[in-house]
Asker: 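Please read through the structure below; I'll follow up with questions.
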Amino acid sequence: MTPTTHIIRKDETALAVAWPAATLSVTHLDDALVLNAGSDYDPDDLNLVRRQLPHRHITLDGDTITIWPRPREHQ
């Protein structure tokens, strides 16, 4: 798969990342991001996102890639 650099959402300001080509939407849920595709992502898509965001926990579940929030520091 070839990564896409087109804008997914006009108001997307979270990250300057090349999302996988299959990505149809990027949704913010608090500090998490959820990428949705029209078909299942493959491991190459997951690795593309992980390479660009190495300090985030990122998971793949079929047509969804989740970029989990950073752990909050306890005060």
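Values below: every heavy atom of this structure, side chains too, minus hydrogens, waters and symmetry copies.
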Asker: Please name the pair of heavy atoms, one in Pro20 and one in Asp45, separated by the smallest distance, quoted to 0.1 Å.
Answerer: CB-OD1, 3.5 Å
Asker: Give a yes or no on whether Leu35 and Leu53 share a hydrophobic cluster (residues Ile, Leu, Val, Met, Phe, Trp, Tyr; joining criterion: side-chain heavy atoms under 4.5 Å apart).
Answerer: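 Yes, it is one cluster - the side chains of Leu35 and Leu53 are joined through contacts under 4.5 Å.
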Asker: With ILVMFWY side chains joined below 4.5 Å, transitively, what does Trp68's cluster contain besides itself?
Answerer: none
Asker: Measure the CZ-NE2 distance between Arg50 and His55 for me, rounded to the nearest 0.5 Å.
Answerer: 14.5 Å
Asker: Under the rule for side chain to side chain contact (heavy atoms under 4.5 Å, CB included), what residues qualify as partners of Leu60, not counting sequence neighbours?
Answerer: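 Scan of Leu60 (side chain to side chain contact (heavy atoms under 4.5 Å, CB included), adjacent residues dropped) gives Tyr41, Leu46, Ile65.
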Asker: Please tell me if the side chains of Asp31 and Arg56 come closer than 4.5 Å, counting only heavy atoms from C-beta onward.
Answerer: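 Heavy-atom side-chain distance check passes, below 4.5 Å.
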Asker: At what distance, to the nearest 0.5 angstrom, does OG1 of Thr66 lie from NE2 of His57?
Answerer: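 The OG1 atom of Thr66 sits 9.0 Å away from the NE2 atom of His57.
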Asker: Taking the side chain as everything from C-beta on, heavy atoms only, tell me whether Val26 gets closer than 4.5 Å to Val34.
Answerer: no
Asker: Taking atom CG of Asp42 and atom CG of Asn47, what is their separation to the nearest 0.5 Å?
Answerer: 9.0 Å
Asker: Name all residues meeting the side chain to side chain donor-acceptor pair (under 3.5 Å) criterion together with Asn36; count only those two or more places apart in sequence or in a different chain, and write none if there are none.
Answerer: Thr64
Asker: For a 4.5 angstrom cut-off between non-hydrogen side-chain atoms, does Leu33 reach Thr27?
Answerer: no
Asker: Any side-chain heavy atom of Asp30 sitting closer than 4.5 Å to one from Pro69?
Answerer: no
